[in-house]
Amino acid sequence: MDREKGFRVLITLALLCCSYLSFAQSTSSQGKEFWTAYMSHSEDFGISTMVLYITADEATTVKVEIANGSFPAIIRDVLPNQVTEIEVPHNEAFIQNQGKTLQGIHITSAKKIAIFAHIYANAVSGATLLLPVAVLGKSYYSLNYTQRSNAQVNTFSTFMVIGTEDNTTVEITPSAELVDRKPAGLPFTISLNKGEVYQGLAFNDLTGTKIISKSAGTQVCKKIAVFSGSTKIFIGCDDNNKTSDNLFQQVYPTASWGKNYITVPLKSRNYDIFRVVLSEPNTVITVNGRVIPQGNIQSNNVYEFSSDVTNIIKADKPIQVVQYAVTQGKTLSAGCEFDARDIGDPEMIYLNPIEQTINHVTLYSTFHEKILKHFINVVIRSDKSSTFKLDGQPYTAFVEILNGAGYAYAQIPVGEGTHTLSADDGFNAIAYGFGQKESYGYSAGTNLKNLNEYVQFNNLQTSSTQLNGCTGERYKLQLVLPYITTHIDWNFNDGSPVKPDNNPVATAFVKDGTTLYRYEYPSPLPPFTKGSYTYTATVINPSPVDDCGASKDIDFDFTISDFAQTKFSPPDNACSATEVTIQDQSVVDPTTVDQIKVWWDYGNHPELFETYSRAELHADKNYHHTYDYSVTSTNYTVKMVVYTGEGAVCENGYERVVTIKGSPKVSMTQISPMCQDAGKVQIIKDDHGFVGAGPGTFSGPGVNASGLFDPAAAGPGTKTITYQFVAVNGCDATATQDIVVNPLPTVDIAELVPLLEGESVVLKPAVTGTNLAYQWTPSIGLDDPNALNPVCSAIDDKHYRLTVTTLNGCAAYDEVFVKVLKKPIVVNTFTPNGDGINDTWGIKYLDTYPGNTVDVYNRQGEKVYSSVGYASPWDGRYHGTVLPTGTYYYIINPKNGRKTIAGSVTILK
């Protein structure tokens, strides 16, 4: 397995043209050590809460401590690409007043993490991205906003300075008078030890307050952390609707500010306010191509404007752009018109320039405090937007920015919880959310490289520049400065002597309109072994612009990683139109893998590949692909490149030819919906004449192996029938179809229904089914032959059939016999004399009445005859003897709805 040198050179050259878009992780917002503090916060509606949201690319353990030890260390495990939430103890950490306290909050981790800090109370909330110590600087400006509030207590514009080392000297030049009467514009100096916090408060806007670390005596300038905000503030026009929120943001070092910004409106709001903060007076600013007159820039070097569209902001010197969410209900209309539909409250978000981007991040859309909707804004190069992924899935709803020099943006609604963003190229993103009189917002992540003053590697194998390295590679050190130096001391911090360069040779070049100077360490460095290193270049600045002195240390923190021994297994039983799988069998420390790229047809399409970022690497190491259908076998070159190290600088590829066998193609006749009693039907399969035919088999409910489908056996419903064909080369093809078997209705009616002559009866069958149609035949004697319950008035006995039919044409039937019961005819005389004429008492039609009764009495009331049913007429006998001539009285009960009949009958002899 040779390293893919040619490929690496190609990729390196591709990146060189746009190298400002992406920097290594050593300059990003990920790190192993952080400082923050519990900034002053309005608590007029209850005490506040401070929470840390911590994410990591790989499992690690995090420790949270306070400098004065007032609460025990909090230790938590952090899982990859998930958020661990840690609440900071309020009573021990909250800093209410101005002054110096030993209440810095120190967060450390065994491996790199990203942290978002959130301070919230009842309808008051602010959040920030935290910056690791490795990227902190020594010069800052506090960035706040005009201080106004609806609070019932005093509220303040705020800043905090935290020392990361003992004996740190800080000079502060407030832009407004502090509450302890320190005047605006007059510098004062404080000394901070490690973990000490100085909090400044003012009744007015502290934007422009200069905060710098200084050398003092033998102590050199040291890194400091700076935060800005407000204890409670409203933003927008001043009317009776001025709900307020707190602001809380960690400030970016001035050295990391950029010259090119793209702003995107906050989704669902009427407008935003933007401030462009200048690092130097007389900076030329353009907004959407229009030069901003110097007269429009405020005395604190701030240009402010409102907008509800995207903006392209450029400057000839470094600037910082701040985006402000306005108070709920505010609009751009004249007269401070209130919009009752608008929800949200003030928030302050420091935007990142397009010179400082990230390529992946895990963030948290928090429900604190009463947030109802969450969003993520993303800015990315248009030609790379197709590679952007949200939570591992492609997200492509990007909008091209007009005159945006090839950039696009998205405003992405997301749900509450953890979200992972990634792309093949650098992007900027902010996360934010709104609720009733509530909001949060922060940068999703950033790089904070000093754009004009840094040390880097020049790779002798590829002639590329990079910020981290690989084992076995040869590098030269390069130092870039914005001035010409007369002396460089190179310190490798390994116990070896400092290497002085008393006559450094500069190569000038122009970057973004600024002339920079490149210096090289005189000789190539020997190959490194795996590990983390810190080199320091101490330079002399003949014209220092700050108070750190002419001598300045520029640290180069870098890591050296091993190349992966890349390899993957070939796919088993690889057939076209079927998912194939390769397994990554690379020998590599998994914690160093930054990304993997897979080409499935490298020979024909080297431009097409799949990228898996650190968060998207498959735990089972299996990667899948489906090749287009082909009837013949085809060879493809599959290639995998594993990128290791910070910034994915170590890449090693492996490729092999795989044979994708030709696959059969099958289909079958489609069966239309049928009724359950439709009878069996033969499904016809088609193997399309594939050479190398094998057996084909049907399967599914109600079908046998040869494809004979029986809807009665399948039962009602949608039945999936499958035909599978296996070729002799082992490749198979499958065709499926869904056959709809419509259920039969049911109908049940009594076999016989009696009907009294001259009357009517309602026929009442029991049916099941929906959307049924009814048909009675014959229709004679029925009031409505299409009704479920027709009225029958037949005059003669009739057989009726009811047919019930569904909308799908499925039918069932049943029959009923309507027996017409005619009125009995009773004769009043009979002669039981044995002459064969009129010997019995005939009662016409009585025998048709089931269960009828007949009782006959003599004049004395004695019952002389009784019967149930009248199948055999009475012959006039009583106890075997013919009764004497006379009149007898009868009671006939026909039943079946007919009334009782009473009268007399005479026996004659």
Side-chain angles (χ1 to χ4, degrees), residues 31-39 63-70 73 92-93 95 97-108 130-142 158-174 178 180 182 186-201 209-228 250-256 448 450 453 489 491-493 495 498 534-541 544-557:
K32 298 180 181 179
E33 182 184 15
F34 300 77
W35 283 98
T36 187
Y38 200 154
M39 179 179 275
K63 180 189 290 187
V64 178
E65 303 171 279
I66 190 167
N68 63 13
S70 57
E92 291 77 13
I95 306 173
N97 300 315
Q98 177 165 307
K100 188 164 64 172
T101 62
L102 190 61
Q103 288 177 278
I105 298 170
H106 194 207
I107 306 112
T108 54
L130 295 189
L131 306 179
V133 170
V135 301
L136 295 181
K138 301 167 185 178
S139 175
Y140 298 85
Y141 285 100
S142 183
T158 62
F159 66 81
M160 294 190 308
V161 188
I162 307 173
T164 65
E165 300 180 58
D166 288 342
N167 301 313
T168 298
T169 300
V170 179
E171 182 182 271
I172 301 172
T173 306
L178 301 182
D180 63 356
K182 288 184 174 64
L186 185 62
F188 65 93
T189 301
I190 59 172
S191 178
L192 298 176
N193 285 324
K194 184 176 182 179
E196 274 195 304
V197 182
Y198 178 82
Q199 180 165 260
L201 305 177
T209 295
K210 189 174 183 180
I211 302 169
I212 58 173
S213 174
K214 298 181 60 176
S215 58
T218 60
Q219 299 294 325
V220 298
C221 297
K222 298 172 182 178
K223 292 180 178 180
I224 53 176
V226 176
F227 293 79
S228 294
Q250 183 159 7
V251 184
Y252 297 155
T254 310
S256 69
L448 290 164
N450 186 321
E453 188 176 83
D489 281 336
N491 187 353
F492 295 164
N493 298 311
V498 172
T534 298
Y535 283 7
T536 302
T538 302
V539 301
I540 300 298
N541 182 355
V545 296
D546 56 32
D547 294 314
C548 283
S551 177
K552 186 173 186 179
D553 290 341
I554 301 172
D555 291 329
F556 179 35
D557 297 317

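Basis for what follows: all heavy atoms, side chains included, without hydrogens, waters or symmetry-related copies. If you're wondering where the values come from, they're calculated on a predicted model, not measured in any experiment.
Summarising the geometry, atom CD1 belonging to Ile224 is positioned 8.5 Å from atom OG1 belonging to Thr164; distances are rounded to the nearest 0.5 Å. The distance from the CG atom of Asn68 to the OG1 atom of Thr101 is 8.0 Å, given to the nearest 0.5 Å. Here Glu171 contributes atom CD and Ile190 contributes atom CD1; the two are 11.0 Å apart, rounded to the nearest 0.5 Å. For the atom pair CG (Asn193) and CD (Glu165), the distance works out to 11.0 Å, reported to the nearest 0.5 Å. Taking CG from Leu136 and CG from Leu131, the interatomic distance works out to 6.5 Å, rounded to the nearest 0.5 Å. One distance of note links CE of Met39 with CD1 of Ile95; it measures 9.0 Å at 0.5 Å rounding.
The two atoms that bring Ser191 and Glu196 nearest to each other are O-OE1, 3.8 Å, heavy atoms only. Across every non-hydrogen atom of Gln103 and Ala37, the tightest pair is O-CB, 4.3 Å. Here the closest heavy-atom approach between residue Ser213 and residue Cys221 is recorded as O-SG, 3.4 Å. Closest approach of Tyr140 to Gly137, counting heavy atoms only: OH-N, 2.8 Å. Glu92 approaches Ser70 most closely through the heavy-atom pair CB-OG, 3.2 Å. Between Ile66 and Ala93, the shortest heavy-atom contact is CD1-CA, 3.8 Å.
Two residues are said to be in side-chain contact when any heavy atoms from C-beta on lie closer than 4.5 Å; Leu178 and Ile172 fail this criterion. With contacts defined as side-chain heavy-atom distances shorter than 4.5 Å, the pair Asn491/Thr538 does not qualify. Here the side chains of Phe34 and Val64 are not in contact, with every heavy-atom distance at 4.5 Å or above. Residues Asn541 and Lys552 fail the side-chain proximity criterion, which asks for heavy atoms closer than 4.5 Å. No side-chain heavy atom of Thr36 sits under 4.5 Å from any side-chain heavy atom of Gln250. Contact of the Glu33 side chain with the His106 side chain is registered, since non-hydrogen atoms from C-beta on lie closer than 4.5 Å. Contact of the Lys222 side chain with the Asn167 side chain is registered, since non-hydrogen atoms from C-beta on lie closer than 4.5 Å. A heavy-atom distance below 4.5 Å is not found between the side chains of Val170 and Tyr198.
When atom types are taken as modelled, the side chain of Asp557 and the backbone of Thr534 share no donor-acceptor pair closer than 3.5 angstrom. Proximity of a side-chain donor or acceptor of Thr209 to a complementary backbone N or O of Ser142 within less than 3.5 Å is not detected.
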request  = List the steps, then state whether side chain to side chain contact (heavy atoms under 4.5 Å, CB included) holds for Tyr141 with Val251.
outcome  = CA-CA 8 Å; Tyr141 285 100; Val251 184; 5.8 Å; no
Does the side chain to side chain contact (heavy atoms under 4.5 Å, CB included) test come out yes or no for Leu130 and Ile107, once each step is laid out?
CA-CA 10 Å; Leu130 295 189; Ile107 306 112; 4.2 Å; yes
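Using a 3.5 Å distance cut-off with no hydrogens or angles, the side chains of Thr536 and Asn493 do pair a donor with an acceptor.
A parallel orientation is assigned to the rings of Phe492 and Tyr535, their planes being inclined by less than 30° (bins at 30° and 60°).
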